[in-house]
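Below, read A as the first sequence line, B as the second, and so on, with proteins coming before strands; counting in each chain starts at 1.
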Protein chains: 2
Amino acid sequence: MKEKSNDILNRIAHVQNTLQAINGKWKLPILMSMYAGKSRFRDIQRNIPQITTRVLSKELKDLEASKLIIRIVTDGHPVSVEYKLTTYSYTLTPVVDEMIKWGKQHSKGSL
Amino acid sequence: MKEKSNDILNRIAHVQNTLQAINGKWKLPILMSMYAGKSRFRDIQRNIPQITTRVLSKELKDLEASKLIIRIVTDGHPVSVEYKLTTYSYTLTPVVDEMIKWGKQHSKGSL
DNA sequence: CCGAATCCAATATGATACTG
DNA sequence: CAGTATCATATTGGATTCGG
């Protein structure tokens, strides 16, 4: 059966789905920082100065639970921790890309 | 001057910009309901059954403040209220579109 | 350096009831 | 129909401190 008039309900459900995955103000910025090659806790913080350790810590856990990143602990003397993006996480780049475009064109400066 | 290595900071800022405009779980679903032609309070509620009147009311005010919609009151006997999308709101469709695609492909059912 | 722990304020969301 | 009022809870965010 084809969806027609109630197609809108499906589309809304899909978007809500996406919104759940990237909910909050931080997940996409974090992923972006990682897309750019920064995968250590401290590096991510440098790319997103406004975020606190508490929040970053929580968000990283959320992202891990969502299978968007993987936490890798390399046991060494100062114990190095690295977060790696999953293949899955890259499926979000089209979304991120559109959001970059929109945000660039509609900068808050004009408000 | 060209942005190069710190380009990432700009991109993150752009996305944060976009996230602010569509923050929360409801703004995009509301806009989508309106894209589909439903512009009365009640109609929107029907498209998003989970939302309460309290939240919908607040979100509509936010969207108005963001210039994404306009509230039009036609003084009549039962006073009809209609929300109209602004041209500006349509600039978000590419973002919404990508989110529909993503949400469709990565349905929660598999989690 | 990488966080976890604690405390606390601010928002967001929800349920219900009620009004013009 | 289109909200507002009230209450309660959940989640988020921020500041600071502490430990391996």
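- Taking atom NZ of residue A/Lys61 and atom P of nucleotide C/dC2, one finds them 15 Å apart after rounding to whole Å.
- When rounded to the nearest whole Å, the span between CZ of A/Arg71 and C1' of C/dG3 equals 8 Å.
- When all heavy atoms of A/Glu98 and B/Val95 are compared, the closest pair comes out as O-CG2, 3.6 Å.
- Remark on DNA chain D: of its neighbouring residues B/Ser57 and B/Arg42, the 5'-side contact belongs to B/Arg42, judged by nearest-heavy-atom nucleotide.
- A/Asn23 has its CG atom 10 Å from the P atom of C/dT13, to the nearest Å.
- No side-chain heavy atom of A/Leu56 sits less than 4.5 Å from a side-chain heavy atom of A/Trp26.
- Computed from coordinates, the A/Asp62 CG to C/dA4 P distance equals 12 Å when rounded to whole Å.
- In this structure, B/Phe41 atom CZ and C/dT19 atom C1' are separated by 14 Å, rounded to whole Å.
- As a whole-Å value, the separation of B/Leu60 CG from C/dT13 P is 13 Å.
- Pairs passing the ring-ring contact (aromatic ring centres under 6.0 Å, His included) check and including a residue from residues 28-61 of chain B, sequence neighbours excluded, read B/Tyr35-B/Tyr90.
- Across all strands, B/Gln45 comes closer than 4.0 Å to no nucleic acid atom at all (heavy-atom distances).
- Which of C/dT13, C/dA4, C/dC7 sits closest to the side chain of A/Thr53 comes down to C/dA4.
- Residues B/Gln50 and A/Gln16 are in side-chain contact: their nearest non-hydrogen atoms beyond the backbone lie under 4.5 Å apart.
- A salt bridge is absent between A/Lys61 and A/Glu64: the closest approach of a Lys/Arg side-chain nitrogen to an acidic carboxylate oxygen does not fall below 4.0 angstrom.
- Along DNA chain D, read 5' to 3', the first and last nucleotides having any atom under 4.0 Å from a heavy atom of chain B are D/dC1 to D/dC7.
- Residue A/Arg54 is classed as a base contact, given a heavy-atom separation below 4.0 Å to a base.
- Remark: B/Lys58 is in phosphate contact with C/dA12, judged by side-chain N or O atoms under 4.0 Å from OP1 or OP2.
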